[in-house]
Amino acid sequence: MAKIPRKPAPRKAPVPKKKTKAAAAKPKPAKTSAPGRKSLKATSPWTPAEVHEVFSRFRKANPEPKGELEHVNPFTLLVAVVLSAQATDAGVNKATRALFEVADTPQKMLDLGEERLRDYIKTIGLYRTKAKNVIALSAKLLSDFGGEVPRTRAEIESLPGAGRKTANVVLNMAFGEHTMAVDTHVFRVGNRTGLAPGKTPLEVELGLEKLIPPQFMLHAHHWLILHGRYTCLARKPRCELCLINDLCRWPEKTV
């Protein structure tokens, strides 16, 4: 039987693939700072009139501010400030009330001795190192300064355990010098308000000294410390109670 030839089935034309358009790269949105994160350097500096107004308000609210470290003379003030490093004033006072009843001079402190001194201050952080420093500074006061607290920054800084902040506190509180002691509170207030921005305590100190009028300098560091301790708090500043909230440059203030 003859084979019947079959016609080949027509081939389907290939379906052309759709050209995919390359997705246009979306430009990344420019980074913007979060609300209230404006750099202090971008704010306007305080005018002399504004600075005068701020410290006038502090003076009116508290004409005679006092440091909170308890002491009876320049020596006990020096010891209290040395003990207050990385400790609260309240904690230092609790320990030194009994201590200063028995050792309020360099000689009495030496007579007390390092071991017994540790017993008085053992509730204070780093008390072993601090006890060693207090005994050593007492000995240096007797040998180099006739048992008296010196009246220059360099001489106070030469004492064991005493740095620039210690010297500034003693010079201001004991001898009425116009110094600016910068602790964590003053450092925060100087930067946050924009009064004296600085990366180091020394930068803030020098900035405040340059800015604050002489008639306010005797009490200025106390006003700033108290403001930072009770109003311009580190975590939850009480802006609604702040005496200077209308002048403060902090972009995150809540009023």
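Note that the coordinates shown come from a computational prediction; the quantities given were computed from them, not determined experimentally. Throughout, numbering of the chain's residues begins at 1 and tracks the sequence.
Proximity of Glu240 to Arg238: side-chain heavy atoms (C-beta onward) are separated by under 4.5 Å at one or more points. Taking 4.5 Å as the limit, every side-chain heavy atom of Pro237 sits out of range of all side-chain heavy atoms of Glu252. Using a 4.5 Å cut-off on side-chain heavy atoms (C-beta onward), Ile121 and Leu83 make contact. In this structure, the side chains of Glu205 and Glu209 come closer than 4.5 Å at one or more pairs of heavy atoms. Contact of the Asn93 side chain with the Phe100 side chain is not registered, since no non-hydrogen atoms from C-beta on lie closer than 4.5 Å. Between Leu202 and Arg164, some side-chain heavy-atom pair lies under the 4.5 Å cut-off. Residues Leu141 and Leu78 are in side-chain contact: their nearest non-hydrogen atoms beyond the backbone lie under 4.5 Å apart. The shortest side-chain heavy-atom distance between Val134 and Tyr127 does not fall under the 4.5 Å cut-off.
For the atom pair CD1 (Ile244) and OG (Ser56), the distance works out to 12.0 Å, reported to the nearest 0.5 Å. Note: Thr184 OG1 to Lys165 NZ = 7.5 Å, rounded to the nearest 0.5 Å. The OG1 atom of Thr179 sits 4.5 Å away from the CG atom of Asn168 when rounded to the nearest 0.5 Å. Between Asn191 atom CG and Arg249 atom CZ the span is 14.5 Å, to the nearest 0.5 Å. Atom OG1 of residue Thr76 and atom NZ of residue Lys108 lie 11.0 Å apart, to the nearest 0.5 angstrom. Taking CG of Leu247 as the reference point, atom CG of Leu195 lies at 9.5 Å (rounded to 0.5 Å).
A salt bridge does not link Arg153 with Glu177: every distance from a Lys NZ or Arg NE/NH1/NH2 to an Asp or Glu carboxylate oxygen is 4.0 Å or more. One finds a salt bridge joining Glu53 and Arg57 here, because a Lys/Arg side-chain nitrogen approaches an Asp/Glu carboxylate oxygen to under 4.0 Å. Under a 4.0 Å N-O distance rule, the pair Glu114/Arg118 qualifies as a salt bridge.
Relative ring orientation between Trp223 and His219 is described as perpendicular, the plane-to-plane angle rising above 60° on a 0-90° scale split at 30° and 60°.
Shown here for Phe175 and Val149, the closest heavy-atom pair between the two residues is CZ-O, 3.8 Å. Residues Ala87 and Val92 approach most closely at CB-CG2, 4.2 Å, considering heavy atoms. The two residues Leu159 and Pro150 have their closest heavy-atom pair at CD1-CD, 4.4 Å. Residues Val51 and Pro213 come closest through the heavy atom pair CG1-CD, 3.9 Å. In terms of heavy-atom proximity, Ala196 sits nearest to Val204 at O-CG2, 3.5 Å. In plain terms, the two heavy atoms of Asp89 and Ser84 that are nearest each other are OD1-CB, 4.3 Å.
Neither Ile225 nor Val81 shares a network with the other; the hydrophobic side chains, linked directly or stepwise wherever heavy atoms of I, L, V, M, F, W or Y lie under 4.5 Å apart, form separate groups for each. Cluster membership check: Leu218 does not share its hydrophobic cluster with Val169, using side-chain heavy-atom separations under 4.5 Å among Ile, Leu, Val, Met, Phe, Trp and Tyr. Val186 and Trp250 are assigned to two separate hydrophobic clusters, defined by single-linkage of ILVMFWY side chains at heavy-atom distances under 4.5 Å. In the hydrophobic clustering of this structure, Met180 does not group with Ile156; members are Ile, Leu, Val, Met, Phe, Trp, Tyr whose side-chain heavy atoms approach within less than 4.5 Å, directly or through other members. Put simply, Leu99 and Leu110 are part of the same group of oily side chains (I, L, V, M, F, W, Y) that touch within less than 4.5 Å, one to the next.
The residue from Gln86, Lys94, Lys130 that alone fulfils the side-chain contact (heavy atoms from CB on, under 4.5 Å) condition with Ile124 is Lys130.
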| request: Take Asn172 and His222 through the test side chain to side chain contact (heavy atoms under 4.5 Å, CB included) and record every step on the way to the result. | output: CA-CA 10 Å; Asn172 179 267; His222 281 131; 3.9 Å; yes
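Counted within 6.0 Å of CD on Glu148, heavy atoms from surrounding residues, nucleotides or ligands total 12 or fewer; the atom is thus considered open. Counting heavy-atom neighbours within 6.0 Å of Lys253 NZ, excluding the residue itself, gives a total above 12.
With hydrogens and angles ignored, the 3.5 Å screen pairs a side-chain donor or acceptor of Arg192 with a backbone N or O of Ala234. Using modelled atom types, no side-chain atom of Glu50 and backbone atom of Trp46 make a donor-acceptor pair closer than 3.5 Å. Counting only distance, with no hydrogens or angles, the side chain of Asn245 and the backbone of Cys239 share a donor-acceptor pair below 3.5 Å.
Alongside Tyr230, the hydrophobic cluster contains Leu226 (criterion: ILVMFWY side chains under 4.5 Å).
His227 is linked by a ring-ring contact (aromatic ring centres under 6.0 Å, His included) to Phe58, counting only residues two or more places apart in sequence or in another chain.
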